[in-house]
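Count residues from 1 along the sequence. Small disclaimer: the values here were computed from a predicted structure and weren't measured.
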Amino acid sequence: MFKSFQAQLIMFVLMLLALAQLGTALAVLSSLKEDNYKQGVNSIDVSRNVFDLFLEARAEQLTKGVEILTSDFGFKQSVATRETGTIRSVLQNHGARISADVSILVSPGGELITATQPVNVSDTVSELVFAARRSGGSSISTMIALDNRAYQLVLVPVKAPNVIAWVGMAFLLDQTLAEQIKNVTGLDISFVHEIESTHTLDGISTLPEYEKNTLFDGIGKIDRLLEAPIFSADEKYLSLGVDLGVMDQWGVIHLPYGPWIESYNSTRNQLVLIFTGVLALAFLFGVVLARNMTKPIGRLVDYATLIGLGANNEKVKAPKISGEFGVLSNTMKTMQGAILNREEELIYRASHDQLTGLFNQSAVELYLSEALPKTQGGLIHINIRHFKNINNMLGFYVGNVLLSTVAERLKTWGSDAGMVARLNGDKFLLIFERNISEQDCADLKCFFCEEFEVEEGSNIRLDISISVLPFEHATGDVNSAMRRLDIVADKAREESNLCVFYEIGQDENHRRQLTIIRDLPTALESGQLFVVYQPKVGLADNDCHEAEALIRWVHPELGFVPPDEFISILEHAGSIQLLTKWVLNTVLSQLSRWWSDGHEIRVAVNLSAHDLVDEELPTMVAQALKVNHLPERALALEVTESAVMKDRVKVTNVLKALQEMGVHLAIDDFGTGQSSLSYLRELPVNEVKIDRAFIQFIDTNKGDEFITKATIDLSHSLGFQVTAEGAENAEGVALLKQYRCDKIQGYFFSKPLLAEDFFKWREHFHKV
């Protein structure tokens with residue numbers, strides 16, 4: 001509700017005005033309340049002064065009335081003769097005339113001679129008489145307490161001519177007196193004393209009985225009232241205490257505070273009405289102001305919305321507004337143009353290659369998503385062979401210039417193409433709406449026969465591979481089409497044909513490869529892969545103490561997968577080390593059981609080129625041997641010449657570390673690699689295995705026989721043992737014995753066997 005600028009602006013105006021009004025109202029009410037209190041205090045102060053003056057005037061009047069009695073000759077004579085009965089009668093009569101409540105006659109020494117009623121004032125009167133004698137014998141007016149009641153006492157000396165007695169008249173501070181003071185001051189008067197047993201206040205008051213009791217109960221300790229006026233609990237009265245000069249006797253002046261409260265409430269109500277009215281006017285003013293202020297904002301919002309929807313400058317015009325909003329409108333107009341330019345640039349960048357200006361892979365995929373499926377036309381994929389070497393030799397700048405030149409030449413050749421694109425790196429793509437023939441490939445190949453000028457006076461000739469995916473084999477899915485294009489492009493890079501067309505079945509082979517890669521971890525855990533052992537027979541003693549471990553894989557869907565197939569795929573996928581670790585642990589686990597039973601058999605495990613460049617391989621092998629409680633001589637590792645040539649320095653260091661551990665090392669498939677004989681001399685190996693290509697037909701092929709004999713003699717001269725692979729007949733075995741070959745491995749003796757079968761075969765072989 002309050003998220004809009006208009007609502008927030010209205011709320012701001014209202015809150016600002018409300019705070020101002022509230023501040024003003026609080027200040028006025030606070031000042032009014034303070035003034036009312038001050039006026040009440042002033043009124044009580046005036047009433048207190050009147051209260052004091054009233055009592056003084058009454059004391060003076062009472063003194064004169066008593067002096068009339070003391071000046072009477074007959075009374076003096078009665079006092080002198082101590083006629084007690086006469087004196088009491090005179091005191092009663094004269095006291096009644098001046099409304100005295102108690103009359104007494106006291107000797108000059110302060111002793112009580114007679115009284116109109118029993119009183120216990122001897123000590124108090126004695127002190128007063130002594131004080132009067134010290135002051136010269138003048139009259140005395142004071143307050144005394146009799147039976148928890150306050151009295152105004154007047155003492156006048158009887159002189160004949162010396163002081164022969166003192167006449168005292170006591171006047172009760174009663175309801176009548178309180179009413180008289182109230183008539184003069186206009187305020188209620190109370191005379192109170194404290195009840196000792198309950199420590200509560202009691203007395204007389206001009207207040208109504210209910211108000212009196214409530215007020216007396218609320219006062220508590222009267223000491224507070226003597227210091228300053230205090231409100232009652234309901235704030236009806238403002239009360240001030242008056243010390244009468246007698247213990248536990250006080251006067252209290254009560255100011256009715258109702259008129260002040262009514263005045264305060266009236267003023268407060270008026271302020272609330274004014275406050276409400278001003279807020280209502282402010283709300284109307286805020287609404288009008290907010291509408292006028294937000295109208296240009298609304299126009300700018302609509303304009304910004306249209307900009308956000310992608311409207312161009314021709315369809316949407318910036319609103320004409322003056323002032324600061326006009327500046328904002330012009331700024332948004334400039335922003336609109338910048339956004340459109342940026343969008344055009346982004347769209348171009350999203351669909352074009354920045355180096356060559358050709359369409360990129362995103363544009364190709366978008367084009368295919370709209371064009372597929374179709375049966376007419378096709379895709380031509382061009383890949384520059386060995387472009388990485390060109391970059392390394394001539395630098396990336398020259399490589400970029402070369403790619404731009406290739407792009408221009410492709411646009412010229414494929415002028416009738418629906419799209420010419422650069423996919424990435426050195427790969428280009430042309431899309432034709434017509435069918436593509438081998439002649440098109442020949443023309444394109446010829447078009448690239450002309451050299452490319454990369455620098456002035458420096459030309460280079462490029463070799464390209466061409467692959468074609470007809471639309472009829474592209475399927476309706478873009479990803480499938482691009483995958484098939486990659487499959488045929490990979491085949492074109494590996495072959496030297498003019499061009500390679502996609503053929504039915506290639507996609508299935510690709511999926512088979514992906515399945516092999518994907519299912520390897522599951523196959524290792526579920527037992528789909530297992531190890532077989534092919535015996536190695538020693539010719540010198542005609543015994544078998546060695547074997548080669550070979551892997552077999554029976555896939556639940558693909559069936560038997562040849563080792564050459566899945567090993568090659570795993571090497572390309574980078575998963576071969578996972579397989580090697582599994583084979584090593586499996587073989588060593590089997591060897592551990594054989595060796596613990598006293599059968600010292602050495603088993604050879606084949607290593608991949610990826611294994612040999614791993615410098616952690618010796619540590620991993622040592623750890624595996626230790627876990628299985630086997631000596632290093634129980635294990636043999638076989639490596640191919642091609643694996644050694646991948647990184648000769650690193651591989652040599654790894655092999656040296658393994659040999660120093662005591663692991664038996666062999667060069668597998670010797671004679672089929674590309675290494676020179678000097679490498680063989682430097683390699684830290686113990687054995688050479690002659691490839692089956694030279695052994696299989698040794699008895700019928702003289703060339704194979706000569707090569708085998710020369711390899712055996714050379715290996716022996718270098719200190720290597722020699723194993724011949726692939727011996728399948730007795731004639732070949734006889735020749736190998738003749739040429740002093742150390743060991744033979746082949747179907748003549750046995751095919752690869754499961755561990756239990758191998759062990760049984762070995763036992764039988766040694767018995768024969």
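- Residues V554 and Q528 are not in side-chain contact: their nearest non-hydrogen atoms beyond the backbone lie 4.5 Å or more apart.
- For the pair L754 and V531, the tightest heavy-atom approach, listed with the atom from each and the gap, is CD2-O, 4.1 Å.
- Here OG1 of T723 is found 13.0 Å from CZ of F670. Values are rounded to the nearest 0.5 Å.
- Heavy-atom contacts from other residues, nucleotides or ligands closer than 6.0 Å to NZ of K581 number 12 or fewer.
- Side-chain contact between I551 and L529: present, with at least one pair of heavy atoms (C-beta onward) separated by less than 4.5 Å.
- P618 is listed as a side-chain neighbour of V654, based on a closest heavy-atom distance under 4.5 Å.
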Side chain to side chain contact (heavy atoms under 4.5 Å, CB included) for L423 and F428? Distances and angles first, verdict last. CA-CA 6 Å; L423 298 182; F428 295 86; over 6 Å; no

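- Checked for salt-bridge contact, K374 and E472 miss the test: no charged N lies under 4.0 Å from a carboxylate O.
- Note that NZ of K427 is 5.0 Å distant from CG of N383, once rounded to the nearest 0.5 Å.
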How far apart are the C-alpha atoms of M482 and N479, what are their side-chain angles, what is the distance that settles it, and do they pass the side chain to side chain contact (heavy atoms under 4.5 Å, CB included) test? CA-CA 5 Å; M482 296 303 292; N479 290 330; 5.7 Å; no

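- Under a 4.0 Å N-O distance rule, the pair R434/D416 qualifies as a salt bridge.
- Rounding to the nearest 0.5 Å gives a distance of 7.5 Å between CD1 of I380 and CZ of F501.
- When each of E548, Q745, K751 is checked for a side chain to side chain donor-acceptor pair (under 3.5 Å) with Q534, only Q745 meets the rule.
- H352 has its side chain out of reach of N360: every pair of non-hydrogen atoms, C-beta onward, lies at least 4.5 Å apart.
- Summarising the geometry of F471 relative to I431, their closest heavy-atom pair is CZ-CG2, 3.7 Å, with the distance given to 0.1 Å.
- Checked by atom type, the side-chain pair D443/Q439 shows a donor-acceptor distance below 3.5 Å.
- Other residues, nucleotides and ligands contribute only 12 or fewer heavy atoms inside 6.0 Å of the CD atom of E438.
- The side-chain heavy atoms of C441 and V468, taken from C-beta on, include a pair separated by under 4.5 Å.
- Annotation: the span from F530 atom CZ to W553 atom CH2 amounts to 12.5 Å, rounded to 0.5 Å.
- Between R461 and E450, no side-chain nitrogen of the basic residue sits less than 4.0 Å from a carboxylate oxygen of the acidic one, so the salt-bridge criterion is not met.
- In this structure, L429 and I382 have side chains that are not in contact, with every pair of non-hydrogen atoms separated by 4.5 Å or more.
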Let me see the working for K445 and D440 under salt bridge (Lys or Arg N to Asp or Glu O under 4.0 Å), right down to the final yes or no. CA-CA 9 Å; K445 194 84 167 180; D440 293 321; over 6 Å; no

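- You'll find the side chain of F387 reaches within 4.5 Å of the side chain of L403, heavy atoms only.
- Side chains of L402 and I460 form a contact here, defined as non-hydrogen atoms less than 4.5 Å apart.
- A salt bridge does not link K491 to D486: none of the charged side-chain nitrogens sits closer than 4.0 Å to a carboxylate oxygen.
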Is there a side chain to side chain contact (heavy atoms under 4.5 Å, CB included) between L379 and L469? Walk through the geometry before answering. CA-CA 5 Å; L379 308 173; L469 174 65; 4.1 Å; yes

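- In this structure, CZ in F694 is found 12.0 Å from CD in E725, a value given to the nearest 0.5 Å.
- Annotation for Y397: atom OH does not count as buried by contact number, only 12 or fewer foreign heavy atoms lying within 6.0 Å.
- Evaluation of the salt bridge (Lys or Arg N to Asp or Glu O under 4.0 Å) test over residues 605-614, restricted to residues two or more places apart or in two chains, returns none.
- In this structure, S404 OG and L355 CG are separated by 4.0 Å, a value rounded to the nearest 0.5 Å.
- Annotation for F560: atom CZ counts as buried by contact number, over 12 foreign heavy atoms lying within 6.0 Å.
- Taking the six-membered ring where the residue is Trp, F452 and F448 present tilted rings, their angle falling between 30° and 60°.
- Within 6.0 Å of CZ in F697 there are 12 or fewer heavy atoms belonging to other residues, nucleotides or ligands.
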